[in-house]
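Since the structure is predicted, the reported quantities are computational estimates derived from the model, not experimental observations. Order of appearance sets the numbers: ligands from 1, and atoms from 1 within every ligand.
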Amino acid sequence: MTEQSATLKIGDKSVDLAVKSGTIGPDVIDIGALYKNTASFTYDPGFTSTASCESKITYIDGDAGVLLHRGYPIEQLAEHGDFLEVCYLLLYGELPTAAQKKDFDYRVTHHTMVHEQMSRFFTGFRRDAHPMAVMCGCVGALSAFYHDSTDITDPHQRMVASLRMIAKMPTLAAMAYKYHVGQPFVYPKNDLDYSSNFLRMCFAVPCEEYVVNPVLSRAMDRIFILHADHEQNASTSTVRLAGSSGANPFACIAAGIACLWGPAHGGANEAALNMLTEIGTVDRIPEYIARAKDKNDPFRLMGFGHRVYKNYDPRAKIMQKTTHEVLGELGVKDDPLLEVAMELERIALTDEYFVEKKLYPNIDFYSGITLKALGFPTTMFTVLFALARTVGWIAQWNEMIEDPQQRIGRPRQLYIGEPQRDYLPVSKR
Ligand code: SDX
């Protein structure tokens, strides 16, 4: 790590701050001793200019539209790899050999069942409960079952918990879906690959054999790859912050799920599809474009814009290709939602408002159309995002625990409230 320095002048004081360079990407200015030396904090709500950690897992170049996982471009991983291979890469830092992949797939496959008592948690929810609410509750409840993998100081227990989370999320997600639609739970089958197993747990019914469609399970697997990790996004930062207090991994992942649910983050895929449905037809697009530009209207084009990507989200391009593959396989010719989506994208990419603000379609723009075509209700879209992102959260959580610089995260503030004042008895207020 090469070191330079920056000088900060505050009043008559000047302070030298170390500047650190990474492998690629922007340098950072180390302000760790700033408060001690200047009695001032930095101020960056939304953390637009703040690096929270060192990481080797994912690199994003928002201007170039680049996304690397452990150095490998997302386009190559999505084209040539499978989701469990990407899980291995994110967790261990290298692509697995054939033997390592066989062993990892076996270990994940043989952790897919959940404790039978877990099914009792579901019956406490209303059938129309949002599946993300169910997932927040059930994933957090895993802490109550797996006491043998909650000692975060033990690398072995951390890896057992990591594998358990990756293995059990599809089972819990499928159970949340089945409970939502009033069908019986379907147990995992060890002779199916990860994504085929998940689709079968969602869509099989006891009355007939479920036949896996390899095109659809490959599309599902690729969708998981595209959502696996994404640097220090809001939900990953939530998992890191929760983990910094020493909370157990299941509780930390539940915190990540809660944060992902928001429509500005992982909830955007559900919101984007609802928006396309509300627009309904191409001729209504201008009305919504005008609303998105209106400062007094809180409406935003869901599935557009990104904190980091100021160029096209590389995942959105792959997502769009997958959408066409799935609709083609299912024989869906003229999906009105796709027609609206493609026309909305065409207009937005030429409209000066969106061009000037660099608002491009993000991964959530097309994923909803694909997931709907695969048979999922919109309420399940963010659950699928959480299922895939679990490996990213777990990999980042492990990296945080192993980081020698790691300490509890505790930001400060700019206080703008009342200065000290004395209590007044109610008779004098
Ligand atoms: C994900 O961080 C990640 O990596 C997230 C994610 C991941 O993999 O983890 O990539 C997944 O969350 C993708 C983003 C999904 N969210 C949406 O699609 C919701 C719609 N998008 C916006 O809410 C917004 O673009 C954000 C939240 C994604 C980014 O917000 P920022 O970076 O805080 O940007 P901003 O809100 O400051 O917007 C900048 C300007 C503003 O205008 P001005 O105040 O400067 O005049 O652009 C405008 C905004 O009003 N703007 C939009 C817009 N997004 C931003 N205007 C209309 N429609 C939009 N979608």
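Selection from Phe354, Phe304, Phe365, Tyr353 by nearest heavy atom to atom 56 (N) of ligand 1 gives Tyr353. Considering Met302, Gln232, Arg300 only, the shortest heavy-atom separation from atom 35 (P) of ligand 1 involves Arg300. Comparing Arg389, His227, Lys310 by heavy-atom distance to atom 7 (C) of ligand 1, the nearest is Arg389.
In terms of protein heavy-atom proximity, atom 2 (O) of ligand 1 is closest to Asn233 CB, 3.4 Å.
Note on ligand 1: Asp364 sits in its first shell, one or more heavy atoms being nearer than 4.0 Å. Ligand 1 has no atom lying under 4.0 Å from any heavy atom of Val308. Within the 4.0 Å heavy-atom cutoff, Gly303 counts among the residues contacting ligand 1.
If you check the side chains of Thr323 and Gln320, you find no donor sitting under 3.5 Å from an acceptor. Counting only N and O atoms by type, the side chains of His69 and Thr58 include a donor and acceptor under 3.5 Å apart. In summary, the side chains of Ser49 and Asp44 do not present any donor paired with an acceptor at a separation below 3.5 Å, with no hydrogens or angles considered. Between the side chains of Ser235 and His265, at least one donor N or O lies within less than 3.5 Å of an accepting N or O. A side-chain donor from one of Ser55 and Glu399 sits under 3.5 Å from a side-chain acceptor of the other. No side-chain N or O of Gln396 forms a donor-acceptor pair with one of Glu231 less than 3.5 Å apart. At a cut-off of 3.5 Å, with distance as the only test, no side-chain donor of Tyr88 or Glu94 sits close to an acceptor on the other residue. Side-chain atoms of Asn398 and Ser162 form a donor-acceptor pair, as typed in the model, at a separation below 3.5 Å.
Remark: ligand 1 atoms within the under-4.0 Å shell around heavy atoms of Gly305 are 25 (O), 28 (C). Ligand 1 places these atoms under 4.0 Å from at least one heavy atom of Ala268: 15 (C), 16 (N), 17 (C), 18 (O). Of all the atoms in ligand 1, the ones that sit under 4.0 Å from a non-hydrogen atom of Arg307 are 29 (C), 31 (P), 32 (O), 33 (O). Heavy-atom proximity to Lys295, at under 4.0 Å, picks out these atoms of ligand 1: 42 (O), 43 (P), 44 (O), 46 (O), 50 (O). Remark: ligand 1 atoms within the under-4.0 Å shell around heavy atoms of Pro263 are 19 (C). Heavy-atom proximity to Leu359, at under 4.0 Å, picks out these atoms of ligand 1: 47 (O), 51 (N), 52 (C), 53 (C), 54 (N), 55 (C), 56 (N).
The existence of a salt bridge linking Asp221 and Arg218 is confirmed by a sub-4.0 Å separation between a basic side-chain nitrogen and an acidic carboxylate oxygen.
Contacts between His306 and ligand 1, counted as non-hydrogen atom pairs separated by less than 4.0 Å, involve both the backbone and the side chain. At a heavy-atom cutoff of 4.0 Å, ligand 1 is contacted by the side chain of Lys357 but not by its backbone.
Atom 39 (C) of ligand 1 is not flagged as protein-proximal [any protein heavy atom, distance under 4.0 Å]. Contact annotation for atom 26 (C) of ligand 1: protein absent (non-hydrogen atoms, distance under 4.0 Å).
Looking only at side-chain heavy atoms (C-beta outward), Phe41 and Leu34 stay at 4.5 Å or farther from each other.
Close N/O approach between Leu301 and ligand 1 is found [any backbone or side-chain N/O within under 3.5 Å].
Proximity of the aromatic rings of Phe185 and Phe122 is defined here by a centroid distance below 6.0 angstrom, and this criterion is met.
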